[in-house]
Amino acid sequence: MSFSRLCHLRCAVRCDLVKVSSSSAFIAKLGGPCAKELSTNSTQRGSVAQHHSKPDWNRAVSEAEKIVGYPTSFLSLRWILSDEIANVALHLRKLVGSNHPLLKTAKNLIYNGKNNMQAWGLIVLLVSKAAGHSPKIPDMEQDKAAGVLHSQRALAEVTEMIRTSHLVHKGLVNMNARQRASITEEPDDMMFGNKIALLSGDYLLANSCSELANLRNQELVELMSSAVRDLAEAEFMGERDDQNNPLPSRPLSKEEREEPTEWDCILEPLPMRGVLGTAAREWAARHVLAAGALLGKSCSAALKLAGHDAHMQTQGYLFGCHLALAWQAYLDLEAFSGPEPSSFSLVGAPLAFTLDARPHLYSYIEAGRASVHHVDYHALYKAVLEGDGLEQTKRVQHEHIARARAQLRSLPPGDARTALANILVAMHQDHY
């Protein structure tokens, strides 16, 4: 089945906001059993890769920020100078020297590089500007200098706050597991770090809810609330160690695998039938829930604010999902593009494809049931390099980039659409 059929809109009234027909096939077909679809799309592959100079990620993002007026991150002056954020920063200083994961999260928030999660708001605004808005929108609602609506800029901040609060909450340490493992160092620092992570994450999430309510759009609130639900469900998907670090599911044989259930409306939870134990489907479903749903629904919501119809909103959702999955594939490849790291994601695409081809390697994963630190990363790293997991991941990344570019063609030409295309190209060529 071609992916274009996924854009067919059903007539169910409740799903008028964003509807995707056969959306569990969206999971199955995007990363699932359609290897033929991935391998025969040579024309689109050339259209992505044919560039005379290698694009630079930071330059692409910098130029994109100029197009929408100014950097979009909520970590702006008004936030940095607020009393609440100042207090959080003060308490974070007390954690310096400890091993609490909140410090790493804070560093990633500030670091302006390819892992910069704050580019999400920028993507939402670029989609907003590229699509334009209805002529019925009052002038008071428009930021004419940037070419977006004030409500769309607020939505971009909401997206970043939800994403950041989720990542901060993921930094909580399971103190009970540490005690069972007889780890007694820095118990006070770990408990204090947990309190800061919990309260600061709650603060960001509460502010995002307040900003969202101020937009006074019930359907928008329902859509973004479903994205928050998807983030929570991602944390309960599949196997976990005692610290809630994700572990891949045991690969199933072809005889054991089930066909995925249809996902008729993205406001409903993603069906899990036929997903776990199938490498490509599991990888796609995990990262649709953990990233793609939020970015896709934010792009869709931005188009709704601009007065676009349900079909255009669906295009925005699909673009956001494909971009997020391509981004995740890029990050998964990054661990294997330089010197051997001490650890890497056990649910990344390269290892998922390797385990699918060599199920006996799952014994290394079982060693990490108590903690992922017990896994023999060197053996798994070597197995990935020896197999074709990296090549399959590159094909999947290319597929999602090509699909995202196809969705961009539904938008009118302009500098914002070009900036989005440049970001896709920079992401694509960095590993080729």
Side-chain angles (χ1 to χ4, degrees), residues 27-28 30-35 37-39 45 49 57 104 108 113-115 234 237-241 243 245-254 256-257 275-292 324-401 427-432:
I27 297 301
L30 277 168
C34 69
E37 195 174 0
L38 294 178
S39 61
R45 183 185 290 103
W57 171 274
K104 184 178 180 180
N108 289 336
K114 295 176 181 138
N115 293 323
M237 178 180 171
E239 302 287 341
R240 300 269 161 171
D241 74 351
Q243 286 294 341
N245 294 306
L247 299 171
S249 301
R250 177 183 293 278
L252 299 177
S253 65
K254 292 183 179 180
E256 295 175 308
R257 297 179 183 181
V275 172
L276 297 179
T278 305
R281 293 180 196 166
E282 181 174 332
W283 178 85
R286 186 186 301 276
H287 296 295
V288 163
L289 290 174
L325 291 174
W327 200 327
Q328 185 60 49
Y330 167 84
L331 295 177
D332 291 347
L333 287 168
E334 197 170 37
F336 299 89
S337 61
E340 180 178 345
S342 58
S343 64
F344 51 87
S345 174
L346 296 177
V347 293
L351 182 57
F353 289 122
T354 301
L355 290 174
D356 200 46
R358 301 167 63 184
H360 66 277
L361 294 174
Y362 195 76
S363 59
Y364 292 109
I365 302 298
E366 291 180 326
R369 295 288 182 188
S371 173
V372 293
H373 300 296
H374 299 160
V375 172
D376 188 345
Y377 284 96
H378 174 71
L380 292 176
Y381 182 86
K382 185 178 178 181
V384 170
L385 295 183
E386 291 173 349
D388 65 346
L390 293 176
E391 289 303 315
Q392 290 191 62
T393 303
K394 289 178 181 180
R395 287 203 303 270
V396 168
Q397 185 200 26
H398 161 74
E399 175 70 11
H400 290 302
I401 289 174
M427 188 192 316
H428 176 271
Q429 289 202 337
D430 209 45
H431 289 301
Y432 283 78

Worksheet item: Which pair of non-hydrogen atoms, one from Ala324 and one from Ala291, has the smallest distance, and what is that distance?
Response: CB-C, 4.1 Å
Item to complete: Could you check if a side-chain atom of Tyr377 sits within less than 4.5 angstrom of a side-chain atom of Pro341, using non-hydrogen atoms only?
Response: no
Discussion item. Contact between Leu351 and Leu361 at the side-chain level, heavy atoms closer than 4.5 Å - yes or no?
Written reply: no
Worksheet entry | Atom pair CG/CZ of Leu385 and Phe336 - distance to nearest 0.5 Å | 7.0 Å
Worksheet item: Between Arg250, Arg369, Arg286, which is the residue that forms a salt bridge (charged side-chain N to carboxylate O under 4.0 Å, His left out) with Glu239?
Response: Arg369
Practice prompt. Search all heavy atoms of Gly368 against all heavy atoms of Val375 and return the closest pair with its distance.
Written response: CA-CG2, 3.7 Å
Fill in: Side-chain donor/acceptor of Glu282 to backbone N/O of Ser249, under 3.5 Å
yes
Worksheet item: Rounded to the nearest 0.5 Å, how far apart are CD of Gln392 and CD of Glu399?
Response: 13.5 Å
Worksheet item: What are the two closest non-hydrogen atoms of Leu325 and Ala284, and how far apart are they?
Response: CD2-O, 3.9 Å
Worksheet item: Roughly how far apart are Asp241 CG and His374 NE2, rounded to 0.5 Å?
Response: 9.5 Å
Item to complete: Only one of Thr393, Asp332, Val347 passes side-chain contact (heavy atoms from CB on, under 4.5 Å) with Trp283; say which it is.
Response: Asp332
Practice prompt. To the nearest 0.5 angstrom, please state how far the NE2 atom of His398 sits from the CD1 atom of Ile401.
Written response: 8.0 Å
Worksheet, complete the sentence: The side-chain contact (heavy atoms from CB on, under 4.5 Å) partner of Pro350 among Leu380, Leu355, Leu390 is Leu390
Item to complete: Side-chain contact test, heavy atoms from C-beta onward, threshold under 4.5 Å: evaluate it for Val372 versus Ser343 and give yes or no.
Response: no
Worksheet item: Which heavy-atom pair separates Leu289 from Ala234 by the least distance, and what is that distance?
Response: CB-CB, 3.7 Å
Discussion item. Keeping Glu256 on the side-chain end and Ser253 on the backbone end, is there a donor-acceptor pair under 3.5 Å?
Written reply: yes
Worksheet item: If you round to the nearest 0.5 Å, how far is CG of Asp376 from NZ of Lys382?
Response: 10.5 Å
Discussion item. Using side-chain heavy atoms (C-beta onward) and a distance below 4.5 Å, is Glu386 in contact with Thr354?
Written reply: no
Fill in: Residue pair Leu346 / Pro246: nearest heavy atoms and the distance that separates them
CB-O, 4.3 Å
Worksheet item: Roughly how far apart are His400 NE2 and Gln328 CD, rounded to 0.5 Å?
Response: 10.5 Å
Response to the item:
In short, Gln397 meets Met427 closest at the heavy-atom pair NE2-O, 3.2 Å
